[in-house]
Amino acid sequence: MSLIRETPFTTGIQRVMVETHKNLEAMFNKDQIEFRGFTSLDLPGEKYLQNSYLSSDPLLAQELVSMKDLDVMLLLDVNYAFSFMELIQLRRRKNLPVIGLIHDIIPIAHPEWFYGDHEWNKKVFREFLQKTLAVTDHLVVISEKVKRDIENLGWKVNATIHKIPLGAAHISPVKERKQEKIPTLIYLSTIEPRKGHLDLLGAFEILRAQGEEIRLVLVGRPGWLFGNIVERIKNNPDFGTYLFWESSLSDEGLAQVYNTTTLAVVPSLDEGFGLSIEESLARELVVLARKIPVFEERPNPNLYFFDGGAPELAVAILETIEKKWKPLPANGIRTMKDFAIDLKGLIESV
């Protein structure tokens, strides 16, 4: 819990942590398994109080324990400052099984998408991943793609690998979607190069130049190397009228945006999973996503794909925006509760 206490904002990893903590804390029988947060860093840990969503994490409301108090360790975060040496020394003295979660290995595959020197980025994440694999008995990956990426590194992996996909935080179908005269697109993601914003902005500009009446709403805080993307958003002549950027939207505000949205677009170039697809499907919204392997792993009759850049995306938007929602069977969309149930089973078996 060291880093989440020092974070005032919510992105994908923080959302995975909070939802996992909420679900597991509610599921475990306290007489048998006590689910607690632990810390390995002596930090003030108060920034999370600025964020009501993070503050809802039940583990943050309890006193944190230390490594030596644990019987099983669950590592959910990407924490470069984690004391691996302390953990190794502890494991020499007691049996402490470790379950680690790897979200992706993108910093190794594409270090240019992150701040700083590319080779330094690659080296630091590579060392973190090697240390994680060295201390992990059970490795959880969130997609077949991440499992394949780790195997393709050619490293010796002693851990047992478990594929446990993520899911939507909650199933929140819109009871009655507000019909707008102008079709509206939404993209929920941090603003950074690998998320594909430039292709989406290019497609939007093509459609507007063709005279299409269409709105685009971007929802997400700035992430890595966002400068030229934000500049292009703000310099667009339609910014504020047909093009909107919400950098700090509450869950209630996001629900209102989804209520007036026609189509969700997810043009990411690479992902470990891609939570925004499930989040949109959970609101019974048709999704148009880039055709990449990790997105193709989970077919859904309301999920469509495009291949190419801005011109191809513009064509796909016009084709997909007319698609109607196809009803799904019960449990047709995976949730974070499903993820937690599977993770609980692994923890109990360990």
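We number each residue from 1, following the sequence as shown.
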Minimal heavy-atom distance between G220 and I191, with the atoms involved, is O-CG1, 3.8 Å
Applying ring-ring contact (aromatic ring centres under 6.0 Å, His included) to H110 and not counting sequence neighbours gives W113
Between the main-chain N or O of V266 and the side-chain N or O of S189, is there a donor-acceptor pair closer than 3.5 Å? no
Across all chains, not counting sequence neighbours, the ring-ring contact (aromatic ring centres under 6.0 Å, His included) partners of F28 are F35
Hits for salt bridge (Lys or Arg N to Asp or Glu O under 4.0 Å) against D104, two or more places apart or cross-chain, chain-then-number order -> none
Is D338 reaching over with its side chain to a backbone N or O of R334, donor-acceptor style, under 3.5 angstrom? no
- Query: Do I150 and I105 come close enough that some side-chain heavy atom pair is under 4.5 Å?
  - Reply: yes
Check for a donor-acceptor pair, side chain of N51 on one end and backbone N or O of L54 on the other, with a separation under 3.5 Å. yes
Taken in chain and number order and not counting sequence neighbours, the residues that satisfy ring-ring contact (aromatic ring centres under 6.0 Å, His included) with H162 are H138
Practice item. Answer whether the closest heavy-atom distance between the side chains of E144 and K163 falls below 4.5 Å. Key: yes
Exercise. Is the shortest heavy-atom distance from the side chain of L328 to the side chain of I333 under 4.5 Å?
Worked result: yes
Taking every heavy atom of E19 against every heavy atom of Y53, the minimum-distance pair comes out as OE2-OH, 2.5 Å
Okay, side chain of H103, backbone of L76: is any donor-acceptor separation there less than 3.5 Å? yes
Residue set satisfying salt bridge (Lys or Arg N to Asp or Glu O under 4.0 Å) with K131, at least two apart, ordered chain then number -> none
Residues D270 and K195 bridged, charged N to O under 4.0 Å: no
### Query
Can you check whether E212's main-chain N or O pairs, donor with acceptor, with R208's side chain at less than 3.5 Å?
yes
>> Tell me whether the NZ or CZ atom of R215 lies within the 45° cone about the ring axis of F204 and under 6.0 Å from its centre.
In response: no
Contact check, side chains of S55 and L60, non-hydrogen atoms, under 4.5 Å: no
What one should report as the nearest heavy-atom pair of N300 and N302 is OD1-N, 2.8 Å
All heavy atoms of V78 vs all of I13, minimum pair found to be CG2-CD1, 3.8 Å
With sequence neighbours left out, the residues meeting side-chain hydrogen bond (donor to acceptor under 3.5 Å, both in side chains) with E246 are none
| query | Within the side chain of N152, is there an N or O that forms a donor-acceptor pair under 3.5 Å with the backbone of R148? | reply | yes
CG (L87) and NZ (K68) are apart, to the nearest 0.5 Å, by 14.5 Å
Residues T136 and I99: closest non-hydrogen pair is CG2-C, 4.4 Å
query = Do K145 and E271 sit within salt-bridge range, that is, some charged N less than 4.0 Å from a carboxylate O?
reply = no
R232 meets the salt bridge (Lys or Arg N to Asp or Glu O under 4.0 Å) criterion, sequence neighbours left out, with E205
Would you say Y242 and E213 are linked by a side-chain donor-acceptor pair, where the criterion is simply a distance under 3.5 Å? yes
With sequence neighbours left out, the residues meeting ring-ring contact (aromatic ring centres under 6.0 Å, His included) with W245 are none
query = Under 4.5 Å between any side-chain heavy atoms of D71 and N95, yes or no?
reply = no
### Query
So, does K94 use its side chain to make a donor-acceptor pair with the main chain of L70 at under 3.5 Å?
yes
Please determine whether a side-chain nitrogen of the Lys or Arg among K123 and E119 lies less than 4.0 Å from a carboxylate oxygen of the Asp or Glu.
no
- Task: Return yes if some donor-acceptor pair links the side-chain N/O of D69 with the main-chain N/O of V65 below 3.5 Å, else return no.
- Result: no
>> Please check: side-chain N/O of S143 versus main-chain N/O of V146, any donor-acceptor pairing under 3.5 Å?
In response: yes
| Any side-chain heavy-atom pair from R15 and M336 closer than 4.5 angstrom? | no
So salt bridge (charged side-chain N to carboxylate O under 4.0 Å, His left out) across residues 286-299, not counting sequence neighbours, yields D199-R290, E278-R298
Please confirm whether the backbone N or O of V98 pairs with a side-chain atom of D137, one donor and one acceptor, at under 3.5 Å? yes
Shortest non-hydrogen pair, M67 vs S83, comes out as CE-O, 3.7 Å
**Report entry** Distance-only polar pair, side chains of T262 and T184, donor-acceptor under 3.5 Å
**Finding:** no
Problem - Between F84 and F82, ring centroids under 6.0 Å - result: yes
Here the ring-ring contact (aromatic ring centres under 6.0 Å, His included) pairs for residues 313-350, sequence neighbours left out, are none
Residues at least two apart in sequence or cross-chain that pass salt bridge (Lys or Arg N to Asp or Glu O under 4.0 Å) with E312, listed by chain then number, are none
side-chain hydrogen bond (donor to acceptor under 3.5 Å, both in side chains) with R36: of E63, Q62, E25, only one passes, and it is Q62
In short, ring-ring contact (aromatic ring centres under 6.0 Å, His included) pairs touching residues 267-312 with sequence neighbours left out are none
